[in-house]
Structure formats: structure tokens, C-alpha cells
**Student:** 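The structure under discussion is supplied below as C-alpha cells; questions concerning it will follow.
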Amino acid sequence: MLEQGIISPRQAMELMVTTIIATIILFVPNFTAREALQDAWISVVIATLAGIMLAFLVTTLGMRFPNQTMIQYSQDLLGKFLGKGIGLLYIWFYLHINAIIIREFGEFMKTAFMPDTPLIVFTVTIVLLAAFAVRGGLEVIARMNEWLLLLFLFTFIIISFLALGEIDLNNFKPVAEHNLLPLLRGAFAPTSWMGEIVAITMVIPYINQPGKSRRYGVGAVILVGLLLLLSIFTSVGVLGAPSTAKFQFPLLEMVRLINIAEFIERIDALVMVTWVAGVYIKISVFFYVAVLAISQWTQIQDYKPVTFPVGVILTAFSLLIFENTVELADFLSQTFPSYALYLFEGGIPLLLLITALITGKRGEKN
Amino acid sequence: MWPLLKNVKHLIRSIAKQSNSNKQAGKKTNEEFENYPVTDNLSKRIDIIKEVMGNSIDVVIREIVIGNESNTRAAAVYIDGLVSNDMVHGHILRPLLFEAQSIQTDKKLSPKKVFKTILEKRLTAGEIMVKEKNSELFAHLVTGDTVVLIDGHPSFIVVCTRSWEARGVEEPENESTVRGPREGFTETLKVNLSQVRRRIKTPHLRFDSLYIGSLTQTTVIIAYINNLVNPELVKEVRERLQRIDTDSILSSGYLEDFIQDNPYSPFPQLRFTERPDIIAAGLLEGRIAVMVDNTPFAFIVPSAFFEQLQAADDYYSGPWFGAILLRILRVIAFNIALLFPAFYVAITTYHQELIPTPLMISIAGAREGVPFPAMVEAFVMESTFELLREAGLRLPSAIGTAVSIVGALVLGDAAIRAGIVSPAMVIVVATTAIASFALPGFAAALTLRILRFPLILLGGVLGLFGVMFGLLVILIHLSSLRSFGVPYMSPLVPLMPRDLKDIFGRAPQWAMSKRPRYLRTQEPVRQADNLKPDPYNKKRK
């Protein structure tokens, strides 16, 4: 096998939680509130239910082939030609999504904190860092994540707690003012984020108890749903639905309002620090998955030499992919959900699972 | 067919011999002495000794004659200063010169008979061996044994007479305790071994020995409790030590470089200590201790990060929850010592909005007139502090005080008055220094000093993002680091909830009924589960 490391199902769950949560709580409240306004929380509930189904789908597929990644078993299922085609599509998807995330990260750092620093500084440093982690292997990423998720959750919950005093429940009224359609439209973006759990199909062979991956995969989505609910609840409760729909990063604006005893105020830079940690893990996970997919697709023995070339591609890709922030936000809210959801997060896994069920193929168990 | 087989056998045997001699580093050089002919002629043997040892003035060759009439010549050879004179005079020379005279009064005996009689009936010393090889002769001679040669007999008698002037057992200076035992290791390995053996009286305590260093022939002891320790670990430690093929080991610090998992890590992967009680505690947890002759510092493997924050007093004094406070304090101290200057530089340079306005005004007021950016200021101050520390370290304590007065009071005060550095920076550097002194493991302090400067640089160039970058690099490193196969951040990462009770605090003794799981010991249970004090007899039978 390419990867020697082995992680526990709990570590895999934590990896997935960080991967999804890192960007979802920053970008999605705005997208959802734009569509569903004060009922954004209902959209999140719907999205979580849909996310659970997606998690169920991809883990069921993964557990049928506990010793293989999706790149490998798609060839068993659909034949060499089609299978390789699907592998190539996923390599593209993982590279593309990662380029977007790296760009999101850079734009966020630039707009929110260091407007005078060129974008490329953030891009290069974060890709370099992620490359170190990827060379360390899955075990290293998983172990780092144990720390960082703890830090992330701790900061997030403290912030939510501090914001409780500012919440105005009137911001949620009237409940369910509109019909179902805006709610569904609002649920679209968070569902596509939760669908990123599809990355677990590349990790399942390296979990020491692959039989538990469904339970933990679904658990990851539920945890993300709860945290997103909390984030939307505080953003809309503190800022009100119209402002949440207007600010690009509602959570950050909310944090900037926190003021305790005239001493703890403007703690947004600290939030930034923990957010960097979370996004860093997210980038590392997709980086790792892409590198692993490429080396399995080309059937080379060691994935490490692929790391730095892929890093260079990611850097360039993320710099060239959008002209500016507006384009990025537009793509994220309009194009990305259907692109990711229909094709990579729902469509292809469903196709593969149905093929597997019809042909009755399954992988060896150890 | 047969001769061929014989040849093969011979070949195999010679290969095995070679690999053996390679494994036992150091034996190699002694084999050169085997080139001297084995003889039973006393004069020739003495000539060989003189040729090998030269005219070293501490080599004593005492030639004597045994018997009254038909005389057998003999010699006692020893190195002055390494032997106990009482032993040599009272238990070797005296028996040979007086009691042995009665052997040969009447008839001439064969040298073999003389040898046997002396060995069995005359020598009153306790530890005696009979050896034949020249290499063994020199090996015993230089370790302080006395060699008795008898003319006409090819073997020789080795009498253990080792004894030399050594430092007595003293309180360890680097790791003193308030309520714990006060004795520390010394340079004499035998004394150190006895200190550990006195604490752990089980016969399963093993001291396996190795000789490392072809010239120094330093004794290295691998200590472990046989029915506790993970046997794989013992094998691993032995293999790592055996592959060291060097000419000298002068201190246990030499071994560190040879056997640690990641030689490029700034973090200490072995736990050095000069306290026998800490070594004993490590052994009782199922770890392995390595002790080296001529060094008061032994080390324990495997050693995870959090052991650097544990002090012996956590277990010896005060209520058990007092240790929780101290451990958390040390975690905070570690973070301050690592990050405070970098954070200060990053925040004052890029994120002024993080500081409450009144505080910001006073810091800005103090910084007014300082000609350098905060990063340069931090570098200057930190370097000055390192200079002071290094200057004071090896000076006699009387002059050391003078250096700290000149450095801290005169220089610091003058620098602030001259407006070269701001008082806030002095506070930052001083706090950092105090925090680094608060850590019990002296090895961790050096790690912090190495990492502090790059972090300041990152904080000055990229602000908090830069500090975060540095921290993530450290985190990647810590997550991939292992000490003898044990993940360095165990038991926190990977998480082993049961083992956490000795990390951010200490559970009471009655609650720590299991050994740390990450050590994979043979016997995980340490004591009964129901030992919580129950004075009013609620559950007692």
C-alpha cells in the first residue's frame, strides 16, 4: 500500500469534521441567509438531513470495498476505461476544490486582516505548510487535527457563549414566513459543503476498523450540522437576517461586536488564528487526497515525490482561478453547489453504488 | 564430501566470530594483544606487559618468590590508584608471601599444583577468576583488578580489587526537591546501580551491560524490570546501543545523538535525570533506563513531551490536587516562554486593535522615541539576555552575581533611559526568562531558546499569521515525532483518555491503578482499584 499509516475511526471522523467545518461556518451563513433570511436555521436542518444521506451513501460505498480507495474500485466496477475516467474526474475535483479553498483563505486573510500583503504570500505559505503535513502522511495530519479541532471547537464555543448576551430573539420572527422553495434554496449551499465528506472514500482503507466508518461518517455530518446551526443562530440572532445576508463573513462581524468589561474586545484576530488552523487542516486533507489519488491513478509506488509538484499546481491554480473576490463568492454561492453536489458528491458515488449492487461486486475483507 | 563440509563449518564459525566481534564494539582493539605469544614463562609475560603498557608510572609489577626451598616465581600486577591498597596488601601479597610459603617446604610441586593451591587454599579475596587470554589480562588490569601470574602456568588469576577515589553521594543540584529523597547519582556506576537496586527490590530488576567505545571501554547499563517492560522495547534499545561503533563515550550525552529517533529535532526525546528515584519511577512504569559509567546523568526511554513538565515534587509533597495547579502553571509557562515575545512583536506591529485602548496608549507612549521596530528590539533584548545567561553560567558564583547585576540592573536601566529599548520590551523579555526557568526539565529550556527566535522573526514579518505558521510547523513536527516508537505527544495525541490523569494534573495515588497504556507494558495493573481511603468502614469487610 502507498500509505503505511493507520488511523482510528474517531480520528477519521475528526478529520472530516474539521474539513467541512473550517469553511462552512465562515461562508455559508451568508449564502443561506441570502435565500432563507430569518429562517436560515430551518435550511440548515434540511441540509443536515441531506448531508446525513450523502454520508450514508459514500460510507456504504466505501465499506463495500474496505481495502480500496474510490480510485481503485471504480476501475473494478466500471472497467478500466470508464473507471480511469472517473478517477481523473475526482483528481480534477480534489485539485479544483482545494484551489478554491486556498483562494478563499488568501482572500479572507487579505480582506479581513492584511490588505497590503500580496495574495501570493498567503497562498505560498499555506501550501508549503500543507505539503509538509502531506509528506508526513495521513497519521500526522490526523494527529495534528486532534489538537487543532480541539482548539477550533473551544474558540468557537467560547465565542458563541460570549455572543449569547447580544442575541435578540425577535430577529428570528416571523418563523417560516416564506414558502418551502427559499428554504430549499438556502439548504443547497450547506448541503454541498457537507457533501465534502466524499473525501472519506479515499481514507476508509486506512482506518483500522473500516466497519465503523459509516457510524462515524454520519456522526461527523451531524456534528457539523449542529455547529453550523449554532453559528447561524448567533449570526442571525446578533446581527439580524438582513445584515447576515449582507456581510461576507457574518461570524467575523459578530465577533467584532463582542465586548466584555471594556477589556476583551475585538478578538477577531484570535478567531483568525484558530480559523487558519482549521483551514490549514482542510487544505492538507484535500491536498493529501489529491496526491494519493494521483499516485494511485498512475500506479506509482510512493506518493511523496508527487507532493511538491502538486503543491506548485495548487498555488498557480488558486491564483489564476478567479479574477477577484466577487467572482469567488459568486462561484461559491451559484455554481459550486450544483457542480459539486450533482456530480461528485452525490451523482458518481450513487452510480458506483448502484453498479456495485447490481453486479454484486464487493472488495475483500481482511 | 566431509572435508568440504568441515571447511564450510569452519567458514561459518569464523564469520560468526567476526560478526560477534563487530557487535561487541571495543573488543576489536583488544584483539591486537592476541598477537603476542601465549607463554607460561613469567619473564616473557612481564616483558609483554611492559611492552604494551610502556613505562606508565602507575603500573605496578610486584615480582615475588613462593616457597622456601624450591622456589616458584610469581608476580602481582595492578594499576596504582585503581585498586584498594588494603585489598592488594592484605588479601593478595600477604597470602602469597606468608601463607603460601608452606606449600613447597618439602618437595617440588608442579606449577599447576601451586596454582591450584594458591587459588583454592591461600588467596583470601572474595571475587576471583581464572583467565587465559592476553586481551582479558589487559581488560582486567585497566579496570582496577589485580592479576597474579605464576611461572610455568599459562593461566592467571584475576582478583577483583577495584576501588578508587570518587565523589560522594550528594544532593542533585539541578533537580532538588522539597520533600523527596535528597541523594543523586555520582560518577561511579556501581554506586548508581546500588541506589536503584535499593529502591526496587524485586529480583526481576535487570542490569544488562554493554561496553561501548573501543578506546574508553565505557560500561553502559540497560536497566529494566523484566516482567513489566515491553520486550520489544528492550530489544530495540539494545540494538540501537549495539550499533554504536565509536572510540569514546565520555558522558551519557554522547549516546543521545546516536540513539534518538529524529536527530534533527529540537525536542528532547530522552529524559535525562540524576535522581535515582526518577529512574526508579520510570522503571516501575515499564520504561527502560540507560546508565553510563563516569556520568551522574542517566536517561529514561521512551520519553514523551509531557514528562518535561513533570517534577518529582508533584508526587512527593502537598495535596494531590496541588499538582494540578502546578502542572497547568508549567503548561502556561511553556507557552509564555515560547510565544510571548513573538506575540508581543506581532500584536504591536500589526494587530494594535487587539490591545485594549488604554493599554495600547501606554505601550505606544513607552515605545515613543525607540528607534527600532519591535522585531529588532526583541532580537536585541533576547540576544542580550542569552549573552548574560551564557556569561554567568560558567563563572564562579561570586562573579556570576556581579555579571547579573551589571547586566540586568545597570545595562537594562541604562538602555531604557537612553531610549534604545522600551520598558515594555524589558518586561516581555524578563517574563519570558522567568517562565523558562519555571520548567523542571532543563532540556526543554534549550528547545525553547532555539524556537523562540524564528517565531519572533515570523511574528515581525507576517504578524499573527506568521506566528501561526511557525506554530503549525512545530505541530507537524511534534505530530510526526516518536521516542522509541511512542508518539511524542502521547497520551494527548493520539488521545488515550485514561492516561491523561498524570498530564494536566496528578490523580491521587489510589486512583492511578494502571500503568500508562502507550508504553504497552506486560502488566498494566499497578495496584487494586478500591484503595480510596475509607476511614469509617463503609465498605471494609
**Student:** With sequence neighbours left out, write down each residue that passes salt bridge (charged side-chain N to carboxylate O under 4.0 Å, His left out) with B:D261, or none if nothing qualifies.
**Tutor:** B:R240
**Student:** Do you know which two heavy atoms are closest between A:I102 and A:S318, and how far apart they sit?
**Tutor:** CG2-OG, 3.6 Å
**Student:** Is any side-chain heavy atom of B:P494 closer than 4.5 Å to one of A:E146?
**Tutor:** yes
**Student:** For chain B, which candidate among A:T274, A:T117, A:V140, A:L129 shows the most heavy-atom pairs at distances under 4.5 Å?
**Tutor:** A:L129
**Student:** Decide yes or no for A:F122 and A:M114: does some side-chain heavy atom of the first lie under 4.5 Å from some side-chain heavy atom of the second?
**Tutor:** yes
**Student:** Could you report the tightest heavy-atom contact between B:V301 and B:L270, atom names first, then the distance?
**Tutor:** CG1-CD2, 3.2 Å
**Student:** Taking only residues two or more places apart in sequence or in another chain, which ones pass ring pair (Phe, Tyr, Trp, His ring centres under 6.0 Å) with B:F504?
**Tutor:** B:F306
**Student:** Does any backbone or side-chain atom of B:I347 lie under 4.5 Å from a heavy atom of chain A? Answer side chain, backbone, both or neither.
**Tutor:** neither
**Student:** The criterion is salt bridge (charged side-chain N to carboxylate O under 4.0 Å, His left out); which residues satisfy it with B:R449, sequence neighbours excluded?
**Tutor:** B:E386, B:E390
**Student:** Would you say the side chain of A:Y94 lies within less than 4.5 Å of the side chain of A:F287, judging by non-hydrogen atoms?
**Tutor:** no
**Student:** Which atoms of A:A142 are under 4.5 Å from chain B, going by heavy atoms: the side chain, the backbone, both sets, or neither?
**Tutor:** neither
**Student:** Is chain B contacted by the side chain of A:I141, its backbone, both, or neither, given a heavy-atom distance below 4.5 Å?
**Tutor:** neither
**Student:** Identify which part of B:L492 has an atom lying under 4.5 Å from any heavy atom of chain A, answering side chain, backbone, both or neither.
**Tutor:** both
**Student:** Less than 4.5 Å to any heavy atom of chain B: does that hold for the side chain of A:Y280, its backbone, both, or neither?
**Tutor:** side chain
**Student:** Among residues 8-16 of chain A, which ones touch chain B with a heavy-atom distance under 4.5 Å?
**Tutor:** A:R10, A:Q11
**Student:** Applying side chain to side chain donor-acceptor pair (under 3.5 Å) to B:S422 and B:E377, what does each step give before you reach the verdict?
**Tutor:** CA-CA 8 Å; B:S422 70; B:E377 207 187 341; 2.9 Å; yes
